Number of protein chains: 2
Amino acid sequence: MKITDAATQLEALGNPTRLAVFRLLVRAGEAGLPVGRIQQRLDMPASTLSHHLKTLCATGLVRQTRERTTLICTADFKLMRGLVAFLVAECCAESACAPADAATRAA
Amino acid sequence: MKITDAATQLEALGNPTRLAVFRLLVRAGEAGLPVGRIQQRLDMPASTLSHHLKTLCATGLVRQTRERTTLICTADFKLMRGLVAFLVAECCAESACAPADAATRAA
DNA sequence: ACGATATTTCCAGAAAAATCGAAACACGTC
DNA sequence: GACGTGTTTCGATTTTTCTGGAAATATCGT
């Protein structure tokens, strides 16, 4: 994973609203959640939510699939795992939270 | 960990420059790195770097201690572990990368 | 106290992001 | 093909962030 990709994903999650959206989607699991339902839950204007969803989709952290008239959003767990792995392996070298070889690779 | 704190930390790491700084510090381990050395390594104006360091320090991800005339910056590994734990436990419920009880708590 | 080195604050301009109402669009139904 | 529901795009405003030069501050050695 490139550091710029990681930064992009972290930036996407770095907005309180988007983190709340993403958390909602993660908790919804593979089934996901329609846009309208997210809007209800978080009580925000549709256009604002759409804007944030667009950002999340652009990073790949969220994906959308059509189901009849509604758009279902789902968190991309695989990508999320990759991001966590980056934080652990690339960033948590030496003295913390990493397998022993992380520091070696980091050189 | 509050979701707003997590968002603040993620936002701090979400800037490419700051992520590069933080990664440098993490790789430097507990010994840390002087501000000037970070500046050399990343080749950026001192004021810009100082600005970003301030942001990182405000989140707690980086700490500074004086050593003679130079300021040593060190990554806070404990906080970093906390953030990773948040991503895994709070966000990675159900179908991915989480202990089984995460989904239960999420309700 | 002065000079040298290291770092921050001040300031201001440029760029990007967040917000949200109104209008437009997509899809299914009648 | 008009209607309704669900969602996005457009447009405009406000707010925030990023950036970096110049000046100020801090610390130490002499």
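Remember, predicted model here, so these are calculated numbers, not experimental data. Numbered from 1 within each chain, the chains take letters A, B, ... in sequence-line order.
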Find the distance [X]:[atom1] to [N]:[atom2] and express it as a whole number of Å.
X: L19(A); N: dA17(C); atom1: CG; atom2: P; result: 18 Å
X: I38(A); N: dT8(D); atom1: CD1; atom2: P; result: 9 Å
X: L33(B); N: dA6(C); atom1: CG; atom2: C1'; result: 14 Å
X: I72(B); N: dT27(D); atom1: CD1; atom2: P; result: 14 Å
X: M44(B); N: dT7(C); atom1: CE; atom2: P; result: 14 Å
X: N15(B); N: dT16(D); atom1: CG; atom2: C1'; result: 13 Å
X: Q39(A); N: dT7(D); atom1: CD; atom2: C1'; result: 9 Å
X: L42(A); N: dA18(C); atom1: CG; atom2: P; result: 15 Å

Which nucleotide in dT8(C), dG21(D), dT19(C) has an atom nearest any side-chain atom of V35(B): dT8(C)

From the list dA6(C), dT8(C), dT8(D), which nucleotide is the closest neighbour of the side chain of Q64(B)? dT8(C)

Quick one: are L53(B) and Q64(B) in side-chain contact, heavy atoms under 4.5 Å? yes

Just call it for [X]: base, sugar-phosphate, or nothing, with non-hydrogen atoms closer than 4.0 Å on any strand.
X: R37(A); result: nothing
X: T48(A); result: base
X: E11(B); result: sugar-phosphate

Could you write nucleotides 22-30 of chain C as a row of B, S and -, 5' to 3', where a protein heavy atom under 4.0 Å of any base atom gives B, of only sugar-phosphate atoms gives S, and otherwise -? B----BSS-

Between [X] (side chain) and [Y] (backbone), is there a donor-acceptor pair under 3.5 Å?
X: R18(B); Y: H52(B); result: no
X: T55(A); Y: H51(A); result: yes
X: T8(B); Y: T4(B); result: yes

Nucleic acid contacts of residues 50-63 of chain A, taken as heavy-atom distances under 4.0 Å to DNA chain C: H51(A), H52(A)

So among L61(B), V62(B), D76(B), which one has a side-chain contact (heavy atoms from CB on, under 4.5 Å) with L25(B)? V62(B)

Is there a side-chain contact (heavy atoms from CB on, under 4.5 Å) between M80(B) and Q9(B) once you walk through the steps? CA-CA 9 Å; M80(B) 187 61 182; Q9(B) 292 171 21; over 6 Å; no

Go through the steps for E30(A) and T74(A) under the test side-chain contact (heavy atoms from CB on, under 4.5 Å), then give the verdict. CA-CA 6 Å; E30(A) 296 286 0; T74(A) 52; 5.6 Å; no

Are I72(B) and V21(B) connected, step by step, through hydrophobic side chains (Ile, Leu, Val, Met, Phe, Trp, Tyr) whose heavy atoms are closer than 4.5 Å? no

About how many Å separate CZ of F86(B) and CZ of R23(A), when rounded to the nearest 0.5 Å? 5.5 Å

